[in-house]
Each structure stands twice: as structure tokens, then as C-alpha cells.
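What follows is a single structure, written as C-alpha cells, with notes after it.
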Amino acid sequence: MATNEVYQYSLISALMDGVASNGIPISDVLRHGDHGLGTFKNMVGEMIVLDGEVYQMKADGSVVHVDPETTITPFATVTRFDPTTTVKATLKDGKKDLQALLDELHPEATNHFLAIRLNGMFERIEFRTAGGQCRPREGMVDVCSRQTTHTFEGEMGTVIGFRCPGYVMGINVAGDHLHFISEDRERGGHILGFETEGEIEVGVAVMSNFRLELPKGDREFDEAKLVKDEEGIKAVEG
């Protein structure tokens, strides 16, 4: 794929329905991008793809480097990231200030996808990680009800994420979806909130091409109801 095109495997609604026993090798996903998010078989931990390297952020907040040839994913979103805009900014109110900044930088992109990368010192950052399914087809709401949250102060690191337009809710997560990994690659997870005191680097790419690949030969997916649960998605991903 060319730069700044979205590739997605499976649907967020499939995760909501517990479709997570199967998937594709992460190496297949990396053919489409070097920047992204996702999860792992049975929803064990959070995935971050940073500069083409894949990390699994586990329930205890620890991080392991993943071999993409031997590990599968039931859901992932990636792009070959090339920022169209790079600025320095202070995001004192975290996600709220980031949303305002993105609106200011790209008011024309309301109905497009954005890829996002933040680099710098986070004065405070709170993130969560999920431990995975306790049984096959356990839905994402139940999995995330057992999530573990972690809060750190004065943490250098990188945030990788996407902003998806509202009309894809259920296909992906509408709004800003962000994962964090520390500079030493030892801590990270799905961001719940953050703030910065000083300036951090904000890179953004506007994307207009979206490719979706659905699971094939996956009985869980074939039998899933895939009803859009907007409130449930907001509860686990908001």
C-alpha cells in the first residue's frame, strides 16, 4: 500500500461479539503499514505498531516485543505513516486539547481518517490493558470489565493512534483511539487520559483511502451478529 492509506483487518463489532480465537499473522498486517493499533488472539493485551515493530502491552502494564511471523491478530488497523503536518504543542488537558488541535489543523478532515503520533514527555498518563478472554466468544465489554489501569508521571514515550469519522462506528472506533508506549518500551496500553506540561511533537496525516479485509473461513465471525453497539464501544474504547 501507498503511504497514508488505512488498512484494517476485521471489525470492532466482531471483537464486541467475542470474535478473537483466530485471525491472520501480524506479518500480513505489516505488509500494509508500520504505524497502528490492534489486539492479539483472545484479546490478550493491547497492540501498538511503532516504526514497523510490534509490541504487546499486557495486563500488568509490561511490554514484550512480538515476532510478527508467529503471532496472529483478530483485529488491527495500520497505515504507512508519513505526516502531512508536524507541530509542537502543549496538551495540558490531554485528549480534549488534542481533539481541538486536530480540529484546528485539519478542519477539512471531519469525514476523513487521521493517523496520529505524539512524541515527548507526558506529565501524567493513564492507560489500561486487558487480560484477555476467559472463554471463547466472550465479548469485549466483559473482557474489559477486568481491565487493569496504570498511571505514570513524568513519562517519556510515544502515542500512536487514529481518528476515525463517525460513520465508521461499529466498523472501527469513531473518534480518537490512542495507545501509548514508554521510551524504554517497558510500559504501555490503551490511553484513558494524559496531560503534558511542556511541548511535545504532534504528527498528523490525513487519509482518504480505506481498505477493509474481513476474516475468511472463521466460524466465529460467520456466526457473529455484528450489531452496532455504540454505547458498548464507547464504554470500552472511549
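Throughout, numbering of the chain's residues begins at 1 and tracks the sequence. Bear in mind that the values here come from a model prediction, so they are computed numbers and not experimental data.
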Given side chain to side chain contact (heavy atoms under 4.5 Å, CB included), test Leu98 with Leu118 step by step and report yes or no.
-> CA-CA 10 Å; Leu98 176 62; Leu118 314 178; 4.1 Å; yes
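- For the ring pair (Phe, Tyr, Trp, His ring centres under 6.0 Å) condition, the pairs that include at least one residue of residues 129-175, sequence neighbours left out, are His35-Phe162, Phe127-His150, Phe127-Phe152.
- Under a hydrophobic-cluster definition in which Ile, Leu, Val, Met, Phe, Trp and Tyr are linked whenever side-chain heavy atoms come within less than 4.5 Å, directly or via other members, Ile200 and Val159 are assigned to the same cluster.
- Taking a cutoff of 4.0 Å between a charged side-chain nitrogen and a carboxylate oxygen, Asp229 and Lys234 do not qualify as a salt bridge.
- Remark: aromatic rings of Phe75 and Tyr9 are distant, center separation not under 6.0 Å.
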Which pairs would a plain distance check flag for residues 25-34, meaning a side-chain donor or acceptor within less than 3.5 Å of a matching protein atom at least two apart in sequence or in another chain?
unit_1, atom_1, unit_2, atom_2, d
Asp28, OD1, Arg31, NH1, 2.4
Asp34, OD1, Phe81, N, 3.1

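- The salt bridge (Lys or Arg N to Asp or Glu O under 4.0 Å) contacts involving residues 59-74 comprise nothing, where partners must be two or more places apart or lie in separate chains.
- Looking at residues two or more places apart in sequence or on another chain, you find no side-chain hydrogen bond (donor to acceptor under 3.5 Å, both in side chains) involving Asp93.
- A distance of 8.5 Å separates NZ in Lys88 from CG in Asn119, rounded to the nearest 0.5 Å.
- Legend: residues meeting salt bridge (Lys or Arg N to Asp or Glu O under 4.0 Å) with Glu195, ordered by chain and number and at least two apart, are Lys92.
- Glu220 is linked by a side chain to side chain contact (heavy atoms under 4.5 Å, CB included) to Val19, Ser21, Pro136, Arg137, Asp218, counting only residues two or more places apart in sequence or in another chain.
- Here the OG1-CG distance, from Thr158 to Leu178, works out to 12.5 Å after rounding to the nearest 0.5 Å.
- Residues Pro165 and Thr110 share a closest heavy-atom pair of CB-O, 3.9 Å.
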Distance-only criterion, 3.5 Å: show the donor-acceptor pairs between side-chain atoms of residues 37-50 and protein atoms not counting sequence neighbours.
unit_1, atom_1, unit_2, atom_2, d
Thr39, OG1, Gly45, O, 2.9
Asn42, ND2, Gln133, OE1, 3.3
Glu46, OE2, Arg128, NH1, 2.5

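- Partners of Glu108 by side-chain hydrogen bond (donor to acceptor under 3.5 Å, both in side chains), not counting sequence neighbours, listed by chain and number: His106.
- When side chains are defined from C-beta on, Phe180 counts as touching Phe122, because their heavy atoms get closer than 4.5 Å.
- Of the inter-residue distances, the one linking Thr86 atom OG1 with Arg117 atom CZ reads 10.5 Å to the nearest 0.5 angstrom.
- Through direct or indirect side-chain contacts shorter than 4.5 Å among Ile, Leu, Val, Met, Phe, Trp and Tyr, Met156 is connected to Met121.
- Residues forming a ring pair (Phe, Tyr, Trp, His ring centres under 6.0 Å) with Phe221 (at least two apart in sequence, or on another chain): none.
- Under a 3.5 Å cut-off, the side chain of Thr84 and the backbone N or O of Val204 do form a donor-acceptor pair.
- Remark: the backbone N or O of Ile233 is not paired with any side-chain donor or acceptor of Glu231 at under 3.5 angstrom.
- Annotation: salt bridge (Lys or Arg N to Asp or Glu O under 4.0 Å) contacts involving residues 140-163, sequence neighbours excluded, comprise Asp103-Arg163, Glu138-Arg146, Glu155-Arg187, Arg163-Asp176.
- Ring geometry for His179 against His190 counts as perpendicular: the plane angle is over 60°, on a 0 to 90° scale with 30° as the lower cut.
- Residue pairs meeting the salt bridge (Lys or Arg N to Asp or Glu O under 4.0 Å) criterion with at least one partner in residues 198-213, sequence neighbours excluded, are absent.
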